[in-house]
Every structure is written in C-alpha cells, then in structure tokens.
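Letters A, B, ... mirror the listed sequences (proteins, then strands); counts begin at 1.
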Amino acid sequence: MKLYNTLSRNTEEFTSIIPQKAGIYVCGPTVYGAPHLGHVRGPIVFDVLRRYLIQQGYQVRFVRNITDVGHLVGDADEGEDKLQKQARLEQLEPMEVAQTYTDMYNSVMDRLNVIRPSIEPKASGHIIEQIEMIQTILNQGMAYEVDGSVYFDVEAYRNASNNYGELSGRVVEDLVAGAGNQSRDLEGQTEKRNPTDFALWKKSSPEHIMQWSSPWGKGYPGWHIECSAMSAKYLGEFFDIHGGGMDLLFPHHECEIAQSKAAHKHTPAKYWVHHNMITINGQKMAKSLNNGIKVEELFTGNHELLTRGFGAATLRFFVLQAHYRGTLDFSEEALLASDKGLARLVAAEQLIEGLKVSEVSTVDFSDIIDSIEYALNDDLNTPIVIAQLFEAARRVNLVNDGKETIDSNSKDLVSSLFRDYFRGVLGIPSNQDSSDNGTLDSVLKLLIELRSEAKLSKNYALSDQIRNKLKESGIELMDSKEGTSWKKA
RNA sequence: GGUCGGAUGGCCGAGAGGCUAGGCACGGGUCUGCAAAACCCUCUACACCGGUUCGAAUCCGGUUCCGACCUCCA
C-alpha cells in the first residue's frame, strides 16, 4: 500500500522493515481531561491503518502511550504541572486524575470500536528508560546540564551533520528569528544556550508533586523524551510507522527524531504519518482554545451546538468520510448527514441475508471490491471506500426491489464485502445502545400488535393515536409490507 | 513577521488536464388507510484575475480570504 510519508513529503510504497511484521507507534493522550472530539480522529485513523495491515497479512504491534507525567501549562499557568493543576482543582492525587481520565479515554475508544493497543505504556512507568536515554545523549555530547535540568543541544546535534528540521521543514535560523517575534516567554529560556534547545529533564520545585530522582536531582522528564524512550523499548530503535496529529509535527516529532538520532545513531521511524485536525467553524478543536466538544457530550447531545445525541458508530463514520490528511469541519448538520447515510448502509447490509437468489446475476460486486482495495492502497482513502459501499448498497436495494437479480456467488461476495470492509477495515460498530432495549422491545411489540388489530378493523383513530403518542415519547413506528418496526427517534 | 497548507454545488466531502465521486438537504416518483420510514430517479460546483493548452476545477503567475505551526495545547 501507499502511504504519505511526512519525512519525504511524498506518497511512498509501504514496505515493512521485517517482512509481514509492522510496528506502529502513535502518540496517545495526556490524561488530564475528558476526551473531546479532537482526540478521536487519530485513534480512529490509525485503527483503520492497523486493521488494514492486519487484513493484508501483517502481524502488527501497535503501541500507544499514555502521558501521565506532568507537562507545563503555558501562558498564565506557567511552571505549573498540568496534571498537578487539575489535581488541586479536584482535590485528588495526580495519579488518581491520570487513572480517571485514562479509564474515560479507553472507554470512549472501546465504544468507537478502536482496537486496544498491543502495548499501552505509561510515561510514569518508564522514568528509568527516559533517564537512561537522556544519559546516553549527554554522553554523546549532545545535551548539557544546567542547575538540575538537562537540555538538548541543537547546535551540537547539527554540528554532527544532522539536520534539525528534516521532518517539519523548519530552518533553525528562521526559528530563532521568529522566536523573538511571536513566541511566548517561557521558563528556562535563560538556562538554554540556544533558543532552539529543548528540555530533556526539568528540575522540579518542591511544590511539584510529580517528581522523580535522577542523576541531576529531583525533577521530571521533558516533553518529548517519553515517546522516544518507549517506542525504542517496545518497537526497537528503528520501527515502521510513527503516527500522530499534525499539531505534533513540530516540535514534538522533530525533537523525537533528534533525540533518537543522538542516542541511537539513526532515525527512529521509517514512515511518519500525520493526520489533520477536526475543526469547528474552520478552527482547530483544542482544549486550549476551549472550543472542544467532549465525546460524552456528543453521545448524549448535551451541548449547545447539538440538538440530539449521536452514536459512536456515527462519529466513527463521520471521521472516516474525510481523508485523514485533510481538515474535517464539524457541525451538527454534517454529523446528521453521516448519521443518515450510515443508517442506509446498515439497512442495506441487513437486507443481504434475505436476498432472493436467482440463477443469473445482473449485478456484480467485484468491481466495487477492486475500487475499495485500490482506495485503501492509495494512502488510506476511506471516503472512496465509503462511496463504494454506498454503490454496493444501491445494488443490494435494487435486487431487493426486484429490479435486478443476484446469484449465490454475488450474494456471498457482497456479504463478505460488508463484513470485511464496512465492519472489518473501517471498523464501524453497531450504533445500538444495548441498554434496556430488551424490555422496551417486548412492550412495543404488544403496542404494535394492538395497533395492527386496530388497523385491520379500520379503527384508524386508535392506530394513529398509538403511533402519535409513541412519537411524542421518542419512539417512531415504521410500517412496511413485512410488518411494523420501531426505532428511537 | 516566518514556514507550510487550503478555498469544490444549500451543507459535509472525494477527485486532480478531457471520462465531470459519495453522503445529507431540496425536487420528482414507488409504496401506504393516511403519514412517516424505506427504496428508485433527479440536482452539474470547483474563490477572483490573467496565462499555457485543441481542452483547466485540475498546470503557471498574481490577488483576496481562511487555517495550522513557530520550541512544552503528547
């Protein structure tokens, strides 16, 4: 398959380092808040990549970290640990905060049908590995210690004929020039030899709750080192795919490359894959911008921009209707369109089994499967995959309406098409919230039966009353030749 | 200010020199006691101004607007 590699700025044929095995590292969440919509795109995109590679016969080790050690908050909260800040607000232990939001994150991922990582390492559990890596970089002469903190020496790194900026396309001189302009005044700037240097280890003040002993005193690891240390530990010093959001391209991933090259003598990953952001009114959705919609709010509909809740399947489908490298603009209207479209696919999928088999088939599905394979191979073009699924659904409906015929081969083919791609690679889960539908279903069966009797005796006043009252309660009845079914409106 | 990316029909979104995705909404139909649902059909858009070409939404130049990143929003 072809994948866009940020490192080369080109779409490249994917070939794994070890045949039939693929190692993927994806930057995971910082667990200091409830997951919002912006957190959801990456996991879904890389889940599809993972599923597709598995379908292609790869054995995939998928690592996604949990960042549960502190990182400084910017601006007004300068110098304060993000997790620590949240902990004080909630009167909790920092690790309690981290646990709470880790659980919340994973439960959202489960609902979105994102396969759990093969390994989900926590930064706090890998302090030793991070310290070791920092030590190696120091030994290489590409870092220096100042008053209990350790900084990466970008100049020394470049002098060893490395290109700092190879991933992001940044030019160090421009960075320095630009820094004086718009950049924030950050703590530690005075300790650095050069403004482009970044922290590998930060000395903590006594108030910091999250701190660890190190050769340089009490402190905590820098922003970028955890991913370098943990990816190397679990995937090796050179692995196949490193994924993350475009917002992490610089500085995070650039720094990861620098750290790994300094410590391990070569670049950490063969392919760098970046997904774009979810926007709202054209602006990136981010906690810091305070324009995020929490995933839970989307599920319940409890948000000012929403008039109703949406299922996890709809959210996943919505995300995959756009190509991962483009921005995706969120609105309820767009989500509603996905919701209805998805319902059509599901309805067609359910028709397949009962399709009447004929001797000859006037419909074929092999062209659709070819198109889907081609699209997936072409840098994971999920919108095309979905468009092709709609075409398949259209043909299924035509057969169902008796306007086309299908033989058993084609029927098997379309059945496997939905199973392998719709449910398999795209990983669309069932949207049903399986809460109390059992009881509800039996009650409604009774009402539907009574209404049918009323209809038979032409008591339309009663039958309409049942239908209308149910609608007021949020239950919609749908008549068809086969009988009446219901759904939550 | 610097770097990079983007502007596609009412909305969301593919595509990327001729064959002009897809979904939703709208409209027309089938079905139905009525309605809804469902299904079928339909809807010809590529910011602006020049240029290249037999032919441009797609290439080139310029303009306007928008976004991301610019060293601690993983």
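Between the P atom of B:C69 and the NE2 atom of A:H274 lies a distance of 13 Å, rounded to the nearest Å. Whole-Å rounding puts the A:L320 CG to B:G23 P distance at 17 Å.
When A:R158, A:K192, A:R193 are each tested for a salt bridge (Lys or Arg N to Asp or Glu O under 4.0 Å) with A:D153, only one passes: A:R193.
Comparing the P positions of B:U8 and B:C66 gives a spacing of 14 Å, expressed to the nearest Å. Comparing B:C31 with B:A47, their C1' atoms sit 44 Å apart, to the nearest whole Å. Comparing the C1' positions of B:A56 and B:A45 gives a spacing of 15 Å, expressed to the nearest Å. Distance noted for atom C1' between B:A14 and B:U52: 27 Å (whole Å). Using C1' as the reference atom, B:G23 and B:G13 are 8 Å apart when rounded to the nearest Å.
A salt bridge does not link A:R64 with A:D47: every distance from a Lys NZ or Arg NE/NH1/NH2 to an Asp or Glu carboxylate oxygen is 4.0 Å or more.
With sequence neighbours excluded, the residues forming a side-chain contact (heavy atoms from CB on, under 4.5 Å) with A:K469 are A:Q465, A:E472, listed by chain and number. Contacts of A:H252 classified as ring-ring contact (aromatic ring centres under 6.0 Å, His included), with partners at least two apart in sequence or in another chain: A:W223, A:H224. With sequence neighbours excluded, the residues satisfying ring-ring contact (aromatic ring centres under 6.0 Å, His included) with A:F152 are A:Y157, A:F198. Considering only residues two or more places apart in sequence or on other chains, A:L444 meets the side-chain contact (heavy atoms from CB on, under 4.5 Å) condition with A:L440, A:L447, A:L470, A:I475, A:W486. Considering only residues two or more places apart in sequence or on other chains, A:W201 meets the ring-ring contact (aromatic ring centres under 6.0 Å, His included) condition with A:W216. Here A:F422 pairs with A:F418 under the ring-ring contact (aromatic ring centres under 6.0 Å, His included) rule; sequence neighbours left out.
Across all strands shown, B:C54 pairs with B:G18; the Watson-Crick or G-U wobble distances both stay below 3.5 Å. Using Watson-Crick or G-U wobble geometry with both donor-acceptor distances under 3.5 Å, B:G1 finds its partner in B:C70.
Each of A:C27 and A:R9 was assigned the nucleotide of RNA chain B with the nearest heavy atom; the assignment lying further toward the 5' end belongs to A:R9. Heavy-atom distances to RNA chain B give each of A:M246 and A:K458 a nearest nucleotide, and the one nearer the 5′ end belongs to A:K458.
The salt bridge (Lys or Arg N to Asp or Glu O under 4.0 Å) contacts involving residues 274-285 of chain A comprise A:D247-A:K284, where partners must be two or more places apart or lie in separate chains. Residue pairs meeting the salt bridge (Lys or Arg N to Asp or Glu O under 4.0 Å) criterion with at least one member in residues 367-382 of chain A, sequence neighbours excluded: A:R325-A:D379, A:D367-A:R395. Within the structure, salt bridge (Lys or Arg N to Asp or Glu O under 4.0 Å) contacts touching residues 33-45 of chain A (residues at least two apart or in different chains) do not occur.
With rounding to the nearest 0.5 Å, the separation of CG in A:L328 from CD1 in A:I280 is 11.0 Å.
Closest approach to the A:Y460 side chain among B:G23, B:G33, B:U71 is made by B:G33 (side chain taken as heavy atoms from C-beta onward). Among the nucleotides B:C69, B:G33, B:A68, the one closest to any side-chain atom of A:R170 is B:C69.
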**Prompt:** For nucleotides 12-19 of chain B, read 5' to 3', which letter fits each nucleotide if B means a protein heavy atom sits under 4.0 Å from the base, S means only the sugar-phosphate is that close, and - means neither?
**Reply:** SSSS----
**Request:** Do nucleotides 34-47 of chain B as a string where each nucleotide becomes B, S or -: B if the base has a protein heavy atom under 4.0 Å, S if just the sugar-phosphate does, - if no protein is that close.
**Result:** BBBB-SSS------
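At a threshold of 4.0 angstrom between heavy atoms, the contacts of A:L248 are confined to the sugar-phosphate backbone, with no base atom among them. Nucleic acid contact class of A:A375 (heavy atoms, under 4.0 Å, all strands): none.
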Tabulate protein N/O versus nucleotide N/O from nucleotides 26-28 of chain B, keeping only pairs under 3.5 Å, one per line.
none

